[in-house]
Structure formats: structure tokens, C-alpha cells
2 protein chains.
Amino acid sequence: MSEIESFFKSAFSVDNVIFGFDGSELKVLLIQRGAAPFKGKWALPGDLVYPNENLDTAAERVLEQLTGLRGVYLEQVKAFGAVNRHPLGRVITIAYYSLIKISDFNVTPASFAQSARWHAVSEVEELAFDHNEILNTCLKRLKHKVRTEPVGFELLPPKFTLTELQQLYDAILNLPKKLDKRNFRKKILSMNLLVELPELQEGVAHRPAKLYQFDGEKYEQFVSEGFSFDI
Amino acid sequence: MSEIESFFKSAFSVDNVIFGFDGSELKVLLIQRGAAPFKGKWALPGDLVYPNENLDTAAERVLEQLTGLRGVYLEQVKAFGAVNRHPLGRVITIAYYSLIKISDFNVTPASFAQSARWHAVSEVEELAFDHNEILNTCLKRLKHKVRTEPVGFELLPPKFTLTELQQLYDAILNLPKKLDKRNFRKKILSMNLLVELPELQEGVAHRPAKLYQFDGEKYEQFVSEGFSFDI
DNA sequence: GGACTTATTGTTAAATGAACACCAATTTAT
DNA sequence: ATAAATTGGTGTTCATTTAACAATAAGTCC
């Protein structure tokens with residue numbers, strides 16, 4: 001094989017860290033590999049990038065094939081390209097993470113018969129390939145992102161309570177001490193990005209909380225006026 | 001060509017945004033392309049990744065071949081993989097940026113006969129490929145990085161004055177108003193990361209300033225104790 | 001010695017962040 | 001219907017950080 005040919009003896013893939021939130025824990029959607037290599041191991045959903053497909057498109061496709069969802073939050077994080085990261089050849093992978101509303105994920109659609117399951121991020125064990133490293137990198141990125149841009153709402157239902165929002169932040173940031181309830185509420189409400197709905201939480205065995213909605217348009221407007229989100 | 005084969009009809013490259021600082025402006029090292037495509041256009045230095053070469057190694061190699069430098073600051077930023085970003089085929093590129101001391105760059109070493117030149121980042125015109133986009137992304141990353149980690153020192157000589165340090169920050173951040181001199185000094189000195197040397201600036205036609213050195217070991221220690229750099 | 005240039009230093013007011021505890025509203029059990 | 005249990009909601013104070021701001025000091029050059 002000539003040197004020039006060997007340059008093309010390689011492929012690239014995307015891997016997608018799909019995050020979800022179940023009300024108390026941050027979760028990641030993993031699939032169990034049905035074939036070698038790493039048969040039986042849990043892994044990040046991913047696929048080779050089609051020859052005439054953009055990277056972002058490939059990541060969206062992986063997400064849609066697994067969850068049926070389109071148009072959700074998706075961000076590229078980094079390329080992973082260690083020479084021996086894939087036992088069958090030279091494959092570099094571009095890592096993405098996406099944020100979905102866990103309730104939107106309804107069992108596995110047809111195209112992916114493989115078993116897919118939510119795992120608590122804190123309890124993920126040894127994954128296939130270098131997927132632990134990818135997961136950690138994406139988690140780190142998410143921790144940062146969620147403090148500087150209002151992406152956390154992507155993980156919550158459209159209507160949520162302030163306690164749910166705070167639990168989300170506590171779950172993602174996983175700080176030694178939980179956020180202070182009063183300070184958190186003060187801060188988030190002072191941004192004027194939440195709309196208080198004329199509805200209350202239902203079906204709880206205690207005082208029901210007010211429901212809020214995130215106002216994305218207001219956020220865009222504020223940003224254009226120099227505002228920057230910060231928690 | 002079978003579908004499987006076509007997956008391998010692709011290549012990956014690295015492109016390196018090499019930043020330097022000349023005392024007043026942030027610069028980027030560009031090369032002028034000697035061959036098609038984009039012959040004659042300025043471009044980021046880059047190369048295909050060798051089949052058994054790690055991505056970081058390839059970026060280091062590109063840097064060394066151009067500048068003769070090793071062991072300098074280098075960070076991967078992102079993959080760029082739009083289908084038609086390269087006119088001759090499917091090539092995704094992994095973008096890196098590096099920070100070098102501009103005085104260490106001594107004309108072009110033999111292996112790269114191509115013309116390489118420092119350009120003020122603010123005056124860069126239309127580059128080859130999607131290199132303007134890559135440059136902008138890396139610049140944005142650098143702006144953030146320089147405020148949260150002490151990487152700015154990589155662009156300065158080992159001994160520097162506080163004014164030089166501030167000019168570096170002003171040049172990189174390019175804020176509507178320059179940083180306040182007194183506040184900047186207070187902040188940077190309060191971190192206890194700079195060692196005041198028993199030497200003064202020389203060769204200037206005015207009161208010479210004290211020289212300082214960055215103490216990287218102290219920084220590592222402080223970080224392990226929970227410190228985080230912030231300007 | 002005088003003119004010139006840049007270096008060095010501190011205070012105050014405003015905004016932000018951190019710490020902290022009690023009453024309110026609802027459901028469930030008796 | 002009352003009490004117990006559970007979570008929701010709310011303000012103040014103190015400490016810290018940030019922002020704004022100007023006069024004197026130490027050199028060089030003529």
C-alpha cells in the first residue's frame with residue numbers, strides 16, 4: 001500500500017453523549033454492543049460519518065435513529081483520535097453531547113434493536129473504546145455550559161418548578177454542598193428569564209409549587225443587549 | 001466503489017493557529033500556499049495526519065516543522081468537517097491553537113520553504129478553505145482560556161513587566177475599554193503567582209519597570225488546594 | 001536642571017455573594 | 001376536624017469583590 005493510499009485507510013465517526021434528567025439524577029443513554037469489538041459492553045451511541053454527510057448531521061442522525069428525536073440541543077466537544085483507540089483500524093471520532101427531555105424518549109425505535117438504557121452518570125462503569133474518557137470530557141463541558149448559558153432547560157419539561165430546576169443544577173454540578181435554595185431562586189428570578197404560569201404543580205402530597213417556563217426569546221434579546229447568563 | 005470503500009475515501013488533517021504577541025498586537029503565523037487549491041492565498045499551517053500518528057502529535061509536528069519549536073502550549077479546539085470544506089475530497093480537520101514566544105521564531109527552517117509570516121489577528125483577510133472560521137473559533141477559545149488559566153505567560157518572554165502583561169491581555173481580549181491599570185495589578189499580584197525579580201527593565205527611555213516571572217509550580221500547588229485563576 | 005515618559009500606589013462606593021430560619025399550603029392519617 | 005408530615009416560599013445582614021478614579025516617583029534625554 002502506498003503512503004498516499006494509507007492516508008485514506010481511515011474513517012471517522014461521531015459519538016454522542018445523550019444526557020437526560022429524571023428529576024433527581026443526571027443520566028446518560030448507553031447502548032449495549034451486540035457485536036465485536038467490545039461485544040456486550042456498554043458504549044456511547046455512535047456511527048461512522050457518511051461520505052457526504054456533515055459532522056453535525058451525522059450526530060443528529062445517530063440521535064434520531066436511537067431516540068426518534070429531532071431538533072434537540074447538540075454541541076460538538078472534541079475529536080478523539082489516539083492511534084489505537086479502535087481495535088479494528090484507524091478511526092477518529094468526533095464527540096458530541098445532546099440534552100433531551102427524558103420523557104420524550106419512548107423505548108427504542110425499530111431501527112435500533114440493540115438494548116439502550118439510561119444510566120446514572122455517577123454509576124457508569126467501564127465502557128467500550130475510550131468512551132469513559134469521552135463521557136468525562138463531555139460532562140466537564142456540560143458543567144461549564146450550564147453555568148454560562150441557559151441550556152439546562154433543555155433537560156426539563158417545558159413547565160417546571162424552581163425546585164426541579166435547582167435539583168437539575170445540583171445533579172449536574174455535583175458540588176460538595178448543594179446550592180442555597182434562597183440564593184438560587186433570587187438569582188434565577190432576577191434574570192427575568194422565567195415566566196410564572198397561572199398553574200400549580202399537580203399530584204404531589206404536599207404544598208404544590210408554582211410552574212414556570214423559560215423564555216428563550218427574551219434571553220436572545222437580553223444577550224443582544226449585553227446580558228450574560230451566569231449561575 | 002462500494003459503500004464500505006467510500007467510507008475510507010477520506011482523510012483527516014490538523015490545522016494549527018499559532019499565536020504570538022509582539023508587545024502590542026496579537027499575531028497569527030500564516031503560510032502562503034504554493035500550490036492549488038487556493039494557490040497564493042494565506043492559510044493556517046496544517047497537514048494530513050499520518051496513519052499511525054496521534055492527533056496531538058500531528059499538531060506538534062506541524063508546529064515544529066514550521067517553527068523548530070517543541071514543547072510549547074498546544075490545545076485542541078474542535079473538528080471542522082463540512083462536506084465541501086476541501087475542494088479535492090472529504091477532509092475533516094482538527095483545529096489546534098498554540099502559543100509561542102514570538103522571539104523564539106527565527107525565520108523559516110529548511111523543511112518549509114514556503115513563505116510564513118506573522119499577521120496581526122485584527123487584520124487577517126480572506127484565508128484558504130474555512131480557515132477564517134477556524135481562526136475565529138480558536139481566538140474565541142483563547143479569549144476565554146486566558147481569563148481562566150494562566151496561559152498568557154506562554155506568549156511572553158520569561159521575564160516581563162506588569163505593563164507588558166496587561167498589554168497582552170488588552171490585545172487578546174480586545175475589549176471596548178482597556179483594563180484598569182491599578183485594578184489589573186492588584187488582581188494579578190494578589191494571586192501570588194508572580195515572582196518579583198531583583199532586576200529592572202533595560203533600554204527604555206523612561207523609568208524602568210520591575211521584572212517578574214510566572215511561578216508555574218506555585219500555580220499547580222494552589223490549584224490542587226482549590227484555587228482557580230480568574231481575570 | 002528641566003522636560004518628558006512611564007511606573008507605581010490606595011480609597012471609596014456600589015454590586016455581588018454567602019450564610020442563615022421561619023411560616024405557609026397542601027396531603028394523609030387518625 | 002385536627003394533627004402530623006412534607007415541601008414551598010420568602011429577607012436581611014455581613015463579607016467580599018468589583019469599578020472608578022489621580023497624584024507622585026524614577027528614570028532618560030537634552
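Labels below follow one simple rule: chain letters A, B, ... track the order of the sequence lines, proteins then strands, and each chain is numbered from 1.
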What is the separation between atom [atom1] on [X] and atom [atom2] on [N], rounded to the nearest whole Å?
{"X": "A:F184", "N": "D:dG11", "atom1": "CZ", "atom2": "C1'", "answer": "18 Å"}
{"X": "B:D180", "N": "C:dT9", "atom1": "CG", "atom2": "C1'", "answer": "12 Å"}
{"X": "A:R207", "N": "C:dT27", "atom1": "CZ", "atom2": "P", "answer": "12 Å"}
{"X": "A:Q201", "N": "C:dA24", "atom1": "CD", "atom2": "P", "answer": "20 Å"}
{"X": "A:L179", "N": "C:dA19", "atom1": "CG", "atom2": "C1'", "answer": "14 Å"}
{"X": "B:Q167", "N": "C:dT6", "atom1": "CD", "atom2": "C1'", "answer": "11 Å"}
{"X": "B:R185", "N": "C:dA7", "atom1": "CZ", "atom2": "P", "answer": "7 Å"}
{"X": "A:H206", "N": "C:dA24", "atom1": "NE2", "atom2": "P", "answer": "19 Å"}

What nucleic acid atoms does A:T161 come within less than 4.0 Å of, heavy atoms only: base, sugar-phosphate, or nothing? nothing
Mind checking if A:K210 touches a base, just sugar-phosphate, or nothing, with heavy atoms under 4.0 Å? sugar-phosphate
Which residue lies toward the 5' end of DNA chain D, A:L189 or A:A205, if each is placed at its nearest nucleotide? A:A205
Look at the side-chain N and O atoms of B:R182 and state whether any lies under 4.0 Å from the OP1 or OP2 oxygen of C:dG10. no
Do A:E217 and A:Q221 have side-chain atoms, one donor and one acceptor, less than 3.5 Å apart? no
Taking atom types as modelled, is there a side-chain donor on B:T67 or B:D104 under 3.5 Å from an acceptor on the other? no
Going by modelled atom types, is there a donor-acceptor pair between the base of C:dG17 and the side chain of A:K187 at under 3.5 Å? no
Donor-acceptor pair (no angle test) under 3.5 Å: A:K186 side chain, D:dT12 base: yes
Given [options], the nucleotide with the shortest approach to the side chain of [X]:
{"X": "B:K181", "options": "D:dT10, C:dT26, C:dA7", "value": "C:dA7"}
{"X": "B:D230", "options": "D:dT18, C:dT28, C:dT8", "value": "D:dT18"}
{"X": "A:T163", "options": "D:dG8, C:dA7, D:dC21", "value": "D:dG8"}

Closest-nucleotide mapping onto DNA chain C: is A:N183 or A:P208 further toward the 5' terminus? I mean the 5' end. A:N183
Below 6.0 angstrom between ring centroids: does that apply to A:F153 and A:F160? yes
Selection residues 156-172 of chain B - residue pairs positive for salt bridge (charged side-chain N to carboxylate O under 4.0 Å, His left out), sequence neighbours left out: B:K159-B:E199
Should B:E126 and B:K41 count as an ion pair when the cut-off is N to O under 4.0 Å? yes
